[in-house]
Amino acid sequence: MALIASFTTDEKKAHNSHKFAFNLTPTNYGYWKNMIQPFLLTHKLFSYDDGTIPCPPKDLPPDAATAADPKPAPRANPNYAIWIANHAHIRMLIISTISESAFRHVQGNTSHDLWSSLERAYAPHSSSREYTLKTQLLRIEMKGDETADNYLNRAQEYVDALATIGEPVKDKDLVMLAVSGLRDE
């Protein structure tokens, strides 16, 4: 049995020192994934998220029975405690990049469960997701105290989310939408 390596203090500091300047929102999954996944791969953390390094059993089978110990107890698996600590660190890193509005999709007990639940919530193309995003894009309005840049950035988030599910918005349609939203103010 190969022992899983525990993250060193220096590795944890390096992971934690990298602060992302954005959070996952309901509209920026493609951007978020394109930033987080390479970070996890580079630091050899993604194997926990993609399930390549699954949680090992808590206990190992007992040693063979002997006359002195006819019913030996199971032995603690040293990989289990290391995996739990590494996994908690990775889960904390991912959760620290999720906005409150996206947090409702955080499900499961492992970083693999978390990664999968976010992917199911934001990546798949479904008619309802497409309809929801298009409706939200069509209804977007410039808020009273909002700058034109902020308004256009919010609209772009919906456009990016639609592109992520394979429903890109034509540039001319986006320009028409933006102009109409700016003109209403």
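Just so you know, residue 1 is the first one in the sequence shown, and it goes up from there.
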Practice task
Decide if atom CZ of F103 counts as having more than 12 heavy atoms of other residues, nucleotides or ligands within a radius under 6.0 Å.
Solution key: no
Handout entry: P57 side chain reached by Y80 side chain, heavy atoms, under 4.5 Å
Key = no
Problem - E11/K44 ion pair, N-O < 4.0 Å - result: no
Practice task
Please report the shortest heavy-atom distance between D59 and P74, naming the atom on each side.
Solution key: CB-CB, 3.9 Å
Exercise for the section: Check for a donor-acceptor pair, side chain of N86 on one end and backbone N or O of W83 on the other, with a separation under 3.5 Å. Expected result: no
Handout entry: Modelled atom types, side-chain donor and acceptor of T110 and D113, under 3.5 Å
Key = yes
Exercise for the section: Show your working on side-chain contact (heavy atoms from CB on, under 4.5 Å) between L45 and F7 and close with a plain yes or no. Expected result: CA-CA 10 Å; L45 305 173; F7 297 138; 3.3 Å; yes
Handout entry: Shortest non-hydrogen contact from E146 toward E141
Key = OE1-O, 4.0 Å
Fill in the blank from the handout: Nearest heavy-atom contact between L118 and A102 is CD2-O, 4.5 Å
Exercise for the section: Look at the side chain of R75 and the backbone N and O of P61, then say whether any donor-acceptor pair between them is shorter than 3.5 Å. Expected result: yes
Completion exercise
CE of M142 to OG1 of T147, rounded to nearest 0.5 Å, is 6.5 Å
Practice task
Could you list all the side-chain hydrogen bond (donor to acceptor under 3.5 Å, both in side chains) pairs where at least one residue sits in residues 94-103, not counting sequence neighbours?
Solution key: W32-T97, S99-S101
Exercise for the section: Drop me the distance from L114's CG to H105's NE2, to the nearest 0.5 angstrom. Expected result: 12.0 Å
Practice task
Check the side chains of D160 and Q156 for a donor-acceptor pair under 3.5 angstrom, ignoring hydrogens and angles.
Solution key: yes
Handout entry: W115 CH2 to I94 CD1 distance, which is reported to the nearest 0.5 Å
Key = 6.0 Å
Practice task
Drop me the distance from Q136's CD to R154's CZ, to the nearest 0.5 angstrom.
Solution key: 11.0 Å
Exercise for the section: Nearest 0.5 Å please: distance from the CD1 atom of I98 over to the CG atom of N23. Expected result: 8.5 Å
Practice task
Please check if the side chain of E119 supplies one atom and the backbone of S116 the other of a donor-acceptor pair under 3.5 Å.
Solution key: no
Exercise for the section: Go through the side-chain N and O atoms of E157 and T27 and say whether any donor and acceptor fall under 3.5 Å apart. Expected result: yes
Exercise for the section: Determine, stepwise, if the pair V169 / Y158 fulfils side-chain contact (heavy atoms from CB on, under 4.5 Å). Expected result: CA-CA 9 Å; V169 176; Y158 289 109; over 6 Å; no
Practice task
Answer yes if the side chains of T52 and D50 hold a donor-acceptor pair under 3.5 Å, and no otherwise.
Solution key: yes
Handout entry: Straight-line distance of N109 CG to R91 CZ, nearest 0.5 Å
Key = 6.5 Å
Completion exercise
Smallest heavy-atom separation, K33 atom then P38 atom, equals O-CD, 3.7 Å
Practice task
Verify the ring-centre separation between H87 and Y48: is it less than 6.0 angstrom?
Solution key: no
